[in-house]
Student: 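Structure below; questions to follow.
Basis for what follows: all heavy atoms, side chains included, without hydrogens, waters or symmetry-related copies. Below, chain A is the first sequence line, B the second, and so on; all start at residue 1.
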Amino acid sequence: MSQHDPKFLPEPQSLRPENLSGRLLSWYDRNRRVMPWRALPGELADPYRIWLSEVMLQQTTVAAVIPYFQKFVERWPTVMDLAQAPLDDVLHAWAGLGYYARARNLHKCAQTVAAWRGGVFPDTEEALRKLPGVGEYTAAAIAAIAFGKPAVVVDGNVERVMARVFAVTEPLPRAKRQIKEHAATLTPRERPGDYAQAVMDLGATICTPRNPACGICPLMAACVGRQLGMAEALPAKEEKPERPTRRGIAFWATRKDGAVLLRRRPEVGLLGGMIEIPSTPWREDKWSLEDALPEAPFQAEWRLLPGLVRHTFTHFHLELVVAAGKIGPAALTRGLWVPLDKLGDHALPTVMRKVVKHALLKAY
DNA sequence: AATTCGTGGCA
DNA sequence: TTGCCAAGAAT
């Protein structure tokens, strides 16, 4: 086949892999999305705000992050402010956003940056990667977006876009290395931060997991996945194990003055360091009240409230039955007695707020 | 390398 | 109702 053959359609130069970034950037410029951490065109990004937003955005949607981000930067405008804040204040402000280890690492990272560099973030991937809570993705994202470094940024959006454009059929997570190689071939030296955000925006708005809008995609002509009719099916993923159900009894313990007993969870593990309604351990077998009594915070006439509190974590379902009881004058217990109207002052994760709501509805 | 980490929106 | 999914990190 020669170039003079009318059937030969030369691949436009703009569709060569090294030029796809140009198409993405021009699409990005035409469809710029406003987010509170993004610099305006021509402005320099604030590394503190980029870092804070990237940590919040780990496995979390933009819509969920925005109000938390606003709250954090209003209360702690610089990394020095955040470093000086009590950890409890940070956990409380984070409550509801999930993955609470992020909040602890955020605070630790702020203190590290404050101590080492007086509040100046490192600007290389290698140095960023050493900070607590900053992994491969986040280091690359900060380096690219805040410092203009041509880092290869690979998040879930990039994985999906690359898998489709290059028709990568190997399932994730095995395909990660292959996908990163593709991503590296597209990463430009000019405007790498905008490019990274362009791919992520594309994945969030057009190259979506379901019903991708291929008809208006700036990469449509280059997308091998689409040409093969398999774009929506990519990326392939390994099967996930099914989620078990765990059960427990939570103790809604009240005092004569109406205060409720709370306690702090262990620093590590599920809901680490957060405040909870005391409960039995969470196990697969159902609990009878008799089984649960030795786990109660004190001896009392516990009564089971009708109904259940259901909550789903990443890897299991939880069903909590709530038992209500009043502490006697002689009983001692460990924990934190909190008036009902002060429950909001504590770092209660969502599952525990559900327990509170249920108890308030059923116990009075 | 495989698990363990939350939560809310969506089909 | 159920499962999937989201700008992943730590161990």
Student: Would you classify Val134(A) as touching base, sugar-phosphate or nothing, given that sugar-phosphate means primed atoms plus P, OP1 and OP2, and contacts are heavy atoms under 4.0 Å?
Tutor: sugar-phosphate
Student: In whole angstrom, what separates Asp155(A)'s CG from dC5(C)'s C1'?
Tutor: 13 Å
Student: With sugar-phosphate meaning primed atoms plus P, OP1 and OP2, does Leu97(A) contact a base, only sugar-phosphate, or nothing at under 4.0 Å between heavy atoms?
Tutor: base
Student: Can you see whether Arg102(A) engages Asn105(A) through a side-chain donor-acceptor pair at a distance of less than 3.5 angstrom?
Tutor: no
Student: With a sphere of 6.0 Å drawn around NZ of Lys286(A), does it hold more than 12 non-hydrogen atoms of other residues, nucleotides or ligands?
Tutor: no
Student: Once you apply a heavy-atom cut-off of 4.0 Å, does Gly272(A) come out as touching a base, just sugar-phosphate, or nothing?
Tutor: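 Touches nothing.
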Student: Quick one: is the NZ or CZ of Arg283(A) closer than 6.0 Å to the six-membered ring centre of Trp287(A), and within 45° of its axis?
Tutor: yes
Student: Quick one: on DNA chain B, does Asn211(A) or Gln58(A) contact a more 5' nucleotide (nearest heavy atom)?
Tutor: Gln58(A)
Student: Please work out if Thr350(A) contacts a base, only the sugar-phosphate, or nothing of the nucleic acid, heavy-atom cut-off 4.0 Å.
Tutor: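 The residue Thr350(A) makes sugar-phosphate contact but no base contact.
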Student: Taking the nucleotide of DNA chain C with the closest heavy atom to each, which residue, Pro132(A) or Val62(A), is nearer the 5' end?
Tutor: Val62(A)
Student: Looking at every strand, decide which applies to Gly203(A) at a 4.0 Å heavy-atom threshold: base, sugar-phosphate, or nothing.
Tutor: nothing
Student: Rounded to whole angstrom, note down the P distance from dA9(C) over to dG8(B).
Tutor: 22 Å
Student: Heavy atoms under 4.0 Å, any strand shown: does Arg38(A) hit a base, just sugar-phosphate, or nothing?
Tutor: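 Base contact - Arg38(A) has a heavy atom under 4.0 Å of at least one base atom.
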Student: Mapping Arg210(A) and Ile145(A) onto DNA chain C by nearest heavy atom, which one lands closer to the 5' end?
Tutor: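 Going by which nucleotide is closer to the 5' end, it is Arg210(A).
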Student: Hey, where on DNA chain B does chain A first and last touch, going 5' to 3'? Cut-off is any atom under 4.0 Å from a heavy atom.
Tutor: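 The protein-touched segment is dT4(B) to dG8(B).
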Student: Kindly check if the number of other-residue, nucleotide or ligand heavy atoms within 6.0 Å of CD (Glu190(A)) is above 12?
Tutor: no
Student: Pick base, sugar-phosphate or nothing for Gln197(A), based on heavy-atom distances below 4.0 Å to the nucleic acid.
Tutor: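 Contact class for Gln197(A): none.
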Student: Rounded to the nearest angstrom, tell me the gap between atom CZ in Arg104(A) and atom C1' in dA10(C).
Tutor: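 From Arg104(A) CZ to dA10(C) C1': 14 Å.
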Student: Can you tell me the distance, in whole Å, between the CD atom of Glu125(A) and the C1' atom of dA9(C)?
Tutor: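 Interatomic distance, CD of Glu125(A) to C1' of dA9(C): 16 Å.
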Student: Taking atom NZ of Lys108(A) as the centre, does the number of heavy atoms from other residues, nucleotides or ligands within less than 6.0 Å exceed 12?
Tutor: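 Counting other residues, nucleotides and ligands, NZ of Lys108(A) stays at 12 neighbours or fewer.
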Student: Nearest whole Å is fine: how far is dA10(C) P from Arg102(A) CZ?
Tutor: 12 Å
Student: For atom P, what is the distance between dC10(B) and dA7(C), given to the nearest Å?
Tutor: 14 Å
Student: Can the positive tip of Arg265(A) be found less than 6.0 Å from the middle of the six-membered ring of Trp282(A), inside 45° of the ring normal?
Tutor: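 Yes - Arg265(A) lies over the ring of Trp282(A), closer than 6.0 Å to its centre and within 45° of its axis.
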Student: Just how far is it from atom CZ of Arg226(A) to atom SG of Cys207(A), taken to the nearest 0.5 Å?
Tutor: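 Here the rounded value is 11.5 Å.
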Student: Considering every strand and a 4.0 Å limit on heavy-atom distances, what is the contact class for Lys237(A): base, sugar-phosphate, or nothing?
Tutor: sugar-phosphate
Student: Could you tell me whether Ser53(A) contacts a base, only the sugar-phosphate backbone, or nothing, with contacts defined as non-hydrogen atoms closer than 4.0 Å?
Tutor: nothing
Student: Indicate, with a heavy-atom threshold strictly under 4.0 Å, whether Met35(A) touches base, sugar-phosphate, or nothing.
Tutor: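 Touches a base.
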Student: For ring-ring contact (aromatic ring centres under 6.0 Å, His included), just list the numbers for Tyr68(A) and Trp94(A), CA-CA rounded to whole Å, side-chain angles, deciding distance to a tenth of an Å, and then say yes or no.
Tutor: CA-CA 7 Å; Tyr68(A) 283 86; Trp94(A) 196 277; 7.3 Å; no
Student: Look at all strands and tell whether Val351(A) reaches a base, only sugar-phosphate, or nothing, counting heavy atoms closer than 4.0 Å.
Tutor: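 If one applies the 4.0 Å heavy-atom cut-off, Val351(A) turns out to touch the sugar-phosphate alone, with no base involved.
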Student: Roughly, in whole Å, what's the span from CG in Leu131(A) to P in dA9(C)?
Tutor: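 These atoms are roughly 12 Å apart.
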Student: Could you give the CG-to-P distance, from Leu172(A) to dC5(C), as a whole number of Å?
Tutor: 10 Å
Student: Please report, rounded to the nearest Å, how far the P atom of dA9(C) is from the NZ atom of Lys108(A).
Tutor: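 It is 15 Å, rounded to the nearest whole Å.
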Student: Counting only side-chain heavy atoms from C-beta out, which of dA6(C), dA7(C), dA10(C) sits nearest to Asn105(A)?
Tutor: dA10(C)
Student: Got a donor-acceptor contact below 3.5 angstrom from the Arg263(A) side chain to the Ser279(A) backbone?
Tutor: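 Yes, the answer is positive, given that a donor and an acceptor are paired below the 3.5 Å cut-off.
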Student: Rounded to whole angstroms, how far apart are OH on Tyr100(A) and C1' on dG8(C)?
Tutor: 17 Å
Student: With DNA chain B as reference, determine whether Val268(A) or Lys354(A) sits nearer its 5' end, using the nearest nucleotide of each.
Tutor: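 This one resolves to Val268(A).
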